There are 2 protein chains.
Amino acid sequence: MNALFWIVPVCSVLALVFAWFFFKSMMKNPEGTPRMIEIAQYVREGAMAYLYRQYKVVGIVFLILLLILLLLAYLGVQNPFVPIAFLTGGFFSGLCGFLGMKTATYASARTTHGASQSLNKGLKVAFRSGAVMGLIVVGFGLLDIALWYWFLNSVVFTPEHMANGFHLLGLNFVHAGTTEAQKLVEITTTMLTFGMGASTQALFARVGGGIYTKAADVGADLVGKVEAGIPEDDPRNPATIADNVGDNVGDVAGMGADLYESYCGSILATAALGAALPAAALKVSGMQTEMAVIAPMLVAAIGIIFSILGIFMVRTKESATQKNLLNALLLGTGGSSVLILIAMAGMAYVGWLTWGVFGAVVIGLAAGVIIGQATEYFTSDEYKPTQGIAGQAQQGPATTIIDGIAVGMYSTWIPVVTIVLGIIGSFWSSGGFDHFAMGVYGIGFAAVGMLSTLGITLATDAFGPIADNAGGNAEMAELPKEVRERTDALDMLGNTTAATGKGFAIGSAALTAMALIAAYMEEVRLWFGKIAKAGDGFVRVGDFAFYNDVAPRVEEGVKAVQLSLASVKDFSAAYDITLFNPLFLGGLFAGSMMAFVFCAMTMKAVGRAAGAMVDEVRRQFREIKGILDGTGTPEYAKCVEISTRGAQREMLLPSLIAIIVPVAVGAFMGVAGVVGLLAGGLTSGFTLAVMLNNAGGAWDNAKKYIEKGNYGGKGSDAHKASVVGDTVGDPFKDTSGPSLNILIKLMTMVSVVMAGLTVTLSLM
Amino acid sequence: MNALFWIVPVCSVLALVFAWFFFKSMMKNPEGTPRMIEIAQYVREGAMAYLYRQYKVVGIVFLILLLILLLLAYLGVQNPFVPIAFLTGGFFSGLCGFLGMKTATYASARTTHGASQSLNKGLKVAFRSGAVMGLIVVGFGLLDIALWYWFLNSVVFTPEHMANGFHLLGLNFVHAGTTEAQKLVEITTTMLTFGMGASTQALFARVGGGIYTKAADVGADLVGKVEAGIPEDDPRNPATIADNVGDNVGDVAGMGADLYESYCGSILATAALGAALPAAALKVSGMQTEMAVIAPMLVAAIGIIFSILGIFMVRTKESATQKNLLNALLLGTGGSSVLILIAMAGMAYVGWLTWGVFGAVVIGLAAGVIIGQATEYFTSDEYKPTQGIAGQAQQGPATTIIDGIAVGMYSTWIPVVTIVLGIIGSFWSSGGFDHFAMGVYGIGFAAVGMLSTLGITLATDAFGPIADNAGGNAEMAELPKEVRERTDALDMLGNTTAATGKGFAIGSAALTAMALIAAYMEEVRLWFGKIAKAGDGFVRVGDFAFYNDVAPRVEEGVKAVQLSLASVKDFSAAYDITLFNPLFLGGLFAGSMMAFVFCAMTMKAVGRAAGAMVDEVRRQFREIKGILDGTGTPEYAKCVEISTRGAQREMLLPSLIAIIVPVAVGAFMGVAGVVGLLAGGLTSGFTLAVMLNNAGGAWDNAKKYIEKGNYGGKGSDAHKASVVGDTVGDPFKDTSGPSLNILIKLMTMVSVVMAGLTVTLSLM
């Protein structure tokens, strides 16, 4: 193993050490008055109760998937390490969610207390706890990668095992006669599959969290704010604790799991693409295969160091204004991005990377920034699109909705054009058509580059919901108005940095998915090579052999095996991943439909869960005496319970569909159908996600714009219309939109893991 | 020329003769009272004023496009017949719109008068005038095809011209040494391009008509119904004539142009695919090339005969109930479909077609019926989805909107799965992977089969808006309530048959687009063969030669020319229309985005045009004394004028983008990018169109369901919420959704016509 590899585990442990350090330093701050402590306690308990339930349901799903994967491994159509890798991916993702949420719920009252002293103190607490989340995610993600890489390299694929094979429990772990080049391909494709564990966990976190938070939000708003006329976060509202819990489970745990998955997925996919680089491409670029495999890990590791540096760079003077704070944050994120680019230029200079790949990363980073700025433009009330929606609100809810949807749809053009240019640009920069495999490797690296400073960008994302919760705490504990104003300022600050963060999240998801689809083809080639030993009329599947009486299929198997030795490009061309293969086109249609149907399901789910919450809040107002005059205590836990149960029940169907459909398409429509499904899901899903996110964001801010006193201000007809827009936008931007991100990746991951099965079935 | 061809012009003239006959028989009916005549006159004048303006704007666009096409023809990157073919396609489409609208506006008062006697009489007049529209469309469509086929065969590609070439005005019409096989390819690809004229005309008709009708509708509803509280179609409402004009320009002229284009497009694309069938495929199937070319025309011609028969089959006894009428209509459409299948089975039996192609047509027809039924299920108030939206309306407008969007998104699954199975099924039935080109030909034939009885299906579609207008006439002329009830019954009858019609329209659009994309590749192959004569360092473009100093590109040119002799499948595989070509993937993204951005633009356009109308109606109520008590006369013409101007101004930008983007993508991203764009536009656009159509339809009927007395009935809060849903749905289902149909086809047509330019640029 290349000695440079050891930088990877060292940096991942470093991230965890600093996470611990930031956690400790955050915990040193006092939590404030007993009332503040009590409220924080409620939220913490609610959040933990939610997580406990969530993990129980997810645990059952994982158990079933584990059994299926074991069965497939036993049948020989699955790498026997996959079931274990799947579990570790899911476990570490879940652990990040648990620790991140714990930190966030400990930090909220402390942030409130800090904000009661100064804006800067509040920021410091919130941002440091956001940093815990950021560093945990990158730390555990990279640690999992490092452990597997070391284990497979040093324990499994030893020279002895490679020469003689390695069998255990009747399973074939290492084939006899594995070459060095094959070894790296085997290792990276095996590791790739632990992404499926992370993806599955992420989908449940995003969908479940998204349903929870919006059910609680709608329940609190519709009955509390609109019917009972009490303000946001009022302690008399039974759903208010659930609402605050929702911010944690949706924005902290959900987003953390999402980015954990993108982070690991992009590194693993790029490593797999690196392992498959043909000799010619390596020769031209002057790189070595092993270096191409560990380069993405190295960049991520170095990114951790700069993220930590960046986190320390975020500091201002005690009397800082909001503008100072924003600049401090931008200095931290921007500074670490510049540093990682310098480091990568150094790597290119010494020949660990090509300059072309360096160019791809620059393009990837630029794409992330542009998408972030476009998000800001279309959703901030400082610009025309959102102001236009507010203007339309004067004519009633219908025109508000139409205009918001139109803005959302229109806003897709910049992100799509940017991603297209990003893909073509990074492909062209790193290899182009003359060195196709290098070009695809570069696309993967663009995603790795975008996510390399995730430690700090996630910190700037995650502190927003913490500040939001701190505001809730201030309101419920009836602290002075200025505290609430400061937490609101922090919340707004979080929204601004979150726009850029969102750009990176969705941009990297698209690039990661693209790299994963390419890696899928690698996996398919590998399986063709492994499975089909035709010619004698038999197709061998592991130790089983099925008689195959369809002669052309056998021939096809032989052809496929020959092709599996060719490049991905030749392979996919010859294996008919062309548009004129109706199976591919059918897959494209199916992928597009999956995005829409998945959205429909999550929206319906929010509707049903919110309906249950509305009924419960109404019941409490009716049955518990004295709630509204403050003499009776609402049953907060009951609302938390209802939101939790609703989310768990509703998240199952859409999540399972995301897992089942790629397998079914593979079984019935073969490899071409799967690739079509993934491409259709990626392109339609990306566009739809941008539309939903931006329409939702614009409605939200159009409402706030009116509340600032425009077009009649609060209570006017325009305001009422804008509230309708905001309510419609809630599931758009907080449930369906973000979940699409993961749908795209999970479908790809499932396809990668199930490649062996698909290939086997396609040869039968 | 095969003698069977002469059936085609004969049947097309037959269609026109019967159209004339039905028109005359409709005109024999009396128009009713002077007041009825006066109102019909207003609507007729408004509709004609609109058409006049529309054609003026479209005329200018056509003139510019003509000049561009002439320039390209002069440069040799365009077939010199294309500019003329483009014009005839546009001219006949426009003529159909003009005559159809004339008929519809003559028929409305006559339908009212008929309905004042009996339901059956009303149906007869409305249906016969719908039949005029249907027969005009198929008659002129097929006549244009027949004329061109005869002209190119008998005048242009004479044996002498083919041997020695044919030059005129410095343009190269026929290359010397053209073989028989090349001749048919040249003829069919030339004819294919007249579809672009029809497409361009259709897009303007759909977008302009859609904007017009919704601007008038929203203006009439928001100010008249909601603010002034007067009923629908009340003569005191200044926008009411514009609203009735809108039904004609949107539903009659817009839909007619849409289907005219699908009809011609599917026949022409299938003929082009037939001309390109490789010898091996023909040998296996026992078909001949010329027969493969004229077979789709023949099926369409025979379809005309059965359509006319079907129209005569629609008759019931004088005292017919609505159910009798529906059965009569179903007998007509179903009967002609069964007859066409029997005729095609006969053609397969005598060997003019293969049984596989026959199977493809059966599959296509079944797909159309299933999509129609699914549309009915998701949008009719007899089923759960629409009733569910009505139920959600009790909780306010926000939940109504969310549920409607969710229903629309969810409803995409049946149409998409059906289309996927339809494409794979018709491909597999007619050829499958072993006879790839035959399979693609079968997909085209499935579309031809679906549209072969368009004469009668369009009649059942077009009589709905005529009945709608008749109702408006009855209301404004203050006829007895029972007359209005009868016209409403006819309108509802039209809605039911229209659901099936919509299924055929969108299903055939998808299949046609698929066939067109395949035909595009044929066109590209042809141009590669024509243009690239590399090897001497020059790339020849017509009579011009550009020095080409990029050696690899020249090699690529040579390779491409060699490949152009191969099959489409090999060509597209080798020419890199694979997913892993980033240009293709980038095109997919761009196509998906185009669907969304185009929708955004048309929605915004409706908003702006409706805003102008609202202002005008308010102004008239304010300034013209005595409007509301019936003593003052509103300025109807002013509203017609405003809607017309708004539609003309707003339709330009989205329409031009649909034309410019494919050319730009071709210039910058080459053939692979264009194919990606078309595939992305097709898959995303289809899904999005289904979503918009069904959400809009479901909201509309949810409102009607509440108005029937459910959930509090008219005037309740639920009703108000459902009105919001209906208003949001209007541009969904009447502007953006239907326009997407044409966007998909027009982008493909533009690509086909510009193939020469794209190929030339890609070799430079």
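Throughout, protein chains are lettered first and strands after them, A, B, ... in sequence-line order, and every chain is numbered starting at 1. Model, not experiment: these values are computed from the prediction.
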Side chain, backbone, both or neither: which part of [X] has a non-hydrogen atom closer than 4.5 Å to chain A?
X        : value
B/Leu682 : both
B/Met669 : side chain
B/Met691 : side chain
B/Phe732 : side chain

Can you find a pair of side-chain heavy atoms, one from [X] and one from [Y], that are under 4.5 Å apart?
X        : Y        : result
A/Phe378 : A/Ile414 : yes
A/Ser684 : B/Thr687 : no
A/Met603 : A/Leu692 : yes
B/Met594 : B/Ile657 : yes

Applying the side chain to side chain contact (heavy atoms under 4.5 Å, CB included) test to B/Thr748, which of B/Val674, B/Leu516, B/Leu677 qualifies?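 When side chain to side chain contact (heavy atoms under 4.5 Å, CB included) is applied between B/Thr748 and each of B/Val674, B/Leu516, B/Leu677, only B/Leu516 qualifies.
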
Could you check A/Ile402, A/Asp403, A/Ile401 and say which one makes a side chain to side chain contact (heavy atoms under 4.5 Å, CB included) with A/Ile389?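 Single pass found, and it is A/Asp403.
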
Could you tell me the separation between the [atom1] atom of [X] and the [atom2] atom of [Y], rounded to the nearest 0.5 Å?
X        : Y        : atom1 : atom2 : result
A/Leu678 : A/Ile744 : CG    : CD1   : 10.5 Å
A/Phe598 : A/Ser736 : CZ    : OG    : 8.0 Å
A/Met409 : A/Leu688 : CE    : CG    : 8.5 Å

State, without any angle test, whether B/Thr735 and B/Thr602 hold a side-chain donor-acceptor pair at a distance under 3.5 Å.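 Note: B/Thr735 and B/Thr602 side chains miss the donor-acceptor criterion.
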
Chain A contact residues among residues 391-400 of chain B, heavy-atom distance under 4.5 Å: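 Against chain A, the residues of residues 391-400 of chain B that fall inside the cut-off (heavy atoms, under 4.5 Å) are B/Pro397, B/Ala398.
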
Among [options], single out the residue with the greatest number of heavy-atom pairs under 4.5 Å to chain A.
options                                : value
B/Ala406, B/Gly611, B/Gly725           : B/Ala406
B/Val218, B/Val728, B/Thr727, B/Leu421 : B/Val728
B/Trp428, B/Tyr410, B/Phe686, B/Phe589 : B/Phe589

For each of A/Gly422, A/Ser592, A/Ala510, A/Ala590, tally heavy-atom pairs with chain B at distances under 4.5 Å, and name the one with the top tally.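 Of the candidates given, the most pairs with chain B belong to A/Ser592.
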
